[in-house]
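Any value given below was found using the heavy atoms of this structure, including those in side chains, with hydrogens, waters and symmetry copies removed. One is the number of the first residue; the rest follow in order along the sequence.
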Amino acid sequence: MLKRSLTALFIPAFACAALNAQVLSSNHLHQPTLTPQNSGTTNGLIAVWPVNPQVVWASGRAGTFTVSTDGGQTWRAGVVPGAEALQFRDVQAFSASVAYLMSIGTSGDPTEFRIYKTEDCGATWTIQFENQNPNAFYDGLAFWTPHRGIAHSDSVNGVFPDLRTTDGTTWQDISNNMPPALPGEFSFASSGTCVTTQGGRNAWICTGGSDIARVLATRDGGDTWNAYNTPLVSSPSAGAFTVDFRDPHDGIVGGGDLDPGDPDNARTAISNDGGQTWTLTNPPPVTGAIFGLSYVGHSGGGVGDNGRAVVITANDGGAAWTPDEGNTWFALPGVSGFWAVAFATPKAGWLVGTDGRILKISF
């Protein structure tokens with residue numbers, strides 16, 4: 001099953017050097033500068049979360065996490081005890097001390113889907129949730145505050161067994177709050193960004209696997225949800241992989257197809273009504289599925305063209321950026337094999353990927 005095969009997907013390493021993305025433009029656009037950093041590990045990194053321009057967490061294969069407190073000049077990598085065989089597909093952090101990790105496994109043991117938390121900079125970790133549902137597959141988590149967050153799973157028998165915490169310690173089943181799933185509907189754990197939050201109560205989840213790629217949305221902290229169709233391709237190997245919102249109304253979703261025989265479906269779509277309707281943008285100049293994307297800066301503002309927002313994508317078949325929320329795209333030359341991207345400010349963003357590679361991005 002292609003959904004499960006993503007857990008073992010290998011992306012060849014590419015040599016990396018500090019570079020500037022050179023693009024032809026008559027508008028004198030801000031161009032991103034990419035600088036390699038030493039993550040402290042050679043294990044593949046899958047997710048990244050900058051708390052602010054100085055504090056950044058990343059996570060990935062072989063139970064690995066790594067954290068920087070100086071903007072990525074130095075990184076301290078570690079392995080969570082007892083999680084050496086797991087992959088941390090998502091990380092969410094709130095300081096140099098407090099962070100959450102979500103794991104998946106490769107052995108088929110359902111208990112390998114777990115949520116860990118540290119409150120002492122990664123010195124010790126507590127398991128807050130250990131899955132017991134034999135058919136669940138938890139893909140990502142997102143938080144509104146250090147104590148309020150949600151975790152999302154693939155559907156099981158037409159139901160999404162999603163979770164919510166309101167105290168940062170215990171997790172409750174909110175499957176009864178979720179909309180019914182389509183046949184075969186699931187999400188992708190490629191970068192931990194199939195679920196995103198904004199403000200104090202807004203959240204969005206993107207899906208695939210069925211004949212329609214959808215976005216599930218809540219405006220009340222997960223009490224109620226609505227499902228909306230997107231125009232992205234969807235099939236048992238395709239769908240919407242990653243979603244981000246820069247305010248309650250304006251968002252972008254990206255995806256594609258994992259089938260290597262159909263590599264030209266990398267697409268993004270934007271919404272200006274909180275995810276209710278979606279419009280395809282021009283296609284980004286990458287192949288394969290878009291694993292992750294991010295607005296530049298938490299609000300997506302400050303660096304744009306005609307009032308639109310800057311977005312960066314990450315995937316195995318290249319990386320690209322747009323100065324106008326998908327109307328115009330530029331490839332990042334020589335950048336490939338990166339799984340996730342996230343920003344604290346326009347001058348402090350990070351791409352993470354295979355072999356522990358990290359690039360700092362600044363505009």
Counting N and O atoms only, with roles assigned by atom type, does the side chain of [X] sit under 3.5 Å from a partner on the main chain of [Y], one being a donor and the other an acceptor?
{"X": "D167", "Y": "T170", "value": "yes"}
{"X": "S190", "Y": "F291", "value": "yes"}
{"X": "K117", "Y": "L101", "value": "no"}
{"X": "R76", "Y": "G122", "value": "no"}
{"X": "W204", "Y": "G274", "value": "yes"}

(request) Mind checking side chain to side chain donor-acceptor pair (under 3.5 Å) for Y138 and listing every partner two or more places apart, or none if nothing turns up? (result)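 With neighbours one apart ignored, the set is empty.
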Just by distance, with hydrogens left out, do [X] and [Y] show a side-chain donor and acceptor under 3.5 Å apart?
{"X": "S237", "Y": "D259", "value": "no"}
{"X": "S68", "Y": "D70", "value": "yes"}
{"X": "D162", "Y": "H152", "value": "yes"}
{"X": "S271", "Y": "Q276", "value": "no"}
{"X": "T111", "Y": "D109", "value": "yes"}
{"X": "R357", "Y": "T354", "value": "yes"}
{"X": "T268", "Y": "T281", "value": "yes"}
{"X": "T64", "Y": "N43", "value": "yes"}
{"X": "N229", "Y": "R214", "value": "no"}

(request) Measure the spacing between CD of E119 and OG1 of T124 and express it to the nearest 0.5 Å. (result)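 The distance works out to 8.5 Å.
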List for me each residue that meets side chain to side chain contact (heavy atoms under 4.5 Å, CB included) alongside [X], sequence neighbours excluded, and say none if there are none.
{"X": "S103", "answer": "L86, F88, R114, Y116"}
{"X": "A203", "answer": "W144, I150, T197, T218, W225"}
{"X": "P285", "answer": "A320, W329, A331"}

(request) Let me see the working for T207 and E185 under side chain to side chain donor-acceptor pair (under 3.5 Å), right down to the final yes or no. (result) CA-CA 7 Å; T207 73; E185 191 171 19; 2.7 Å; yes
(request) Please determine which of N265, T193, L232, T242 meets the side-chain contact (heavy atoms from CB on, under 4.5 Å) test together with I290. (result)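 Considering N265, T193, L232, T242, a side-chain contact (heavy atoms from CB on, under 4.5 Å) with I290 is found only for T242.
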(message) Clusters formed by hydrophobic residues whose side-chain heavy atoms approach within less than 4.5 Å: which one holds L182, and what are its other members?
(response)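 I212, listed by chain and number.
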(message) Test question: given the 4.5 Å side-chain rule for I, L, V, M, F, W and Y, name all other residues clustered with V233, or answer none.
(response)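 Via sub-4.5 Å side-chain contacts, V233 links to none.
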(request) Test the R148-W171 pair against the cation-pi criterion, namely NZ or CZ under 6.0 angstrom from the six-membered ring centroid and within 45° of the ring axis. (result)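 Geometry flag: not set, cation outside 6.0 Å or 45°.
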(message) One thing to verify: whether R164 and D223 come together as a salt bridge, which I'm taking to mean a side-chain N less than 4.0 angstrom from a carboxylate O.
(response)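 Yes, this pair counts.
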(request) Please confirm whether F65 and W125 have ring centers closer than 6.0 angstrom. (result)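 Ring centroids of F65 and W125 are less than 6.0 Å from each other.
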(request) Tell me whether the centres of the aromatic rings in Y100 and F143 are closer together than 6.0 Å. (result)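 Judged by ring-centre distance (under 6.0 Å), Y100 and F143 do meet the cut-off.
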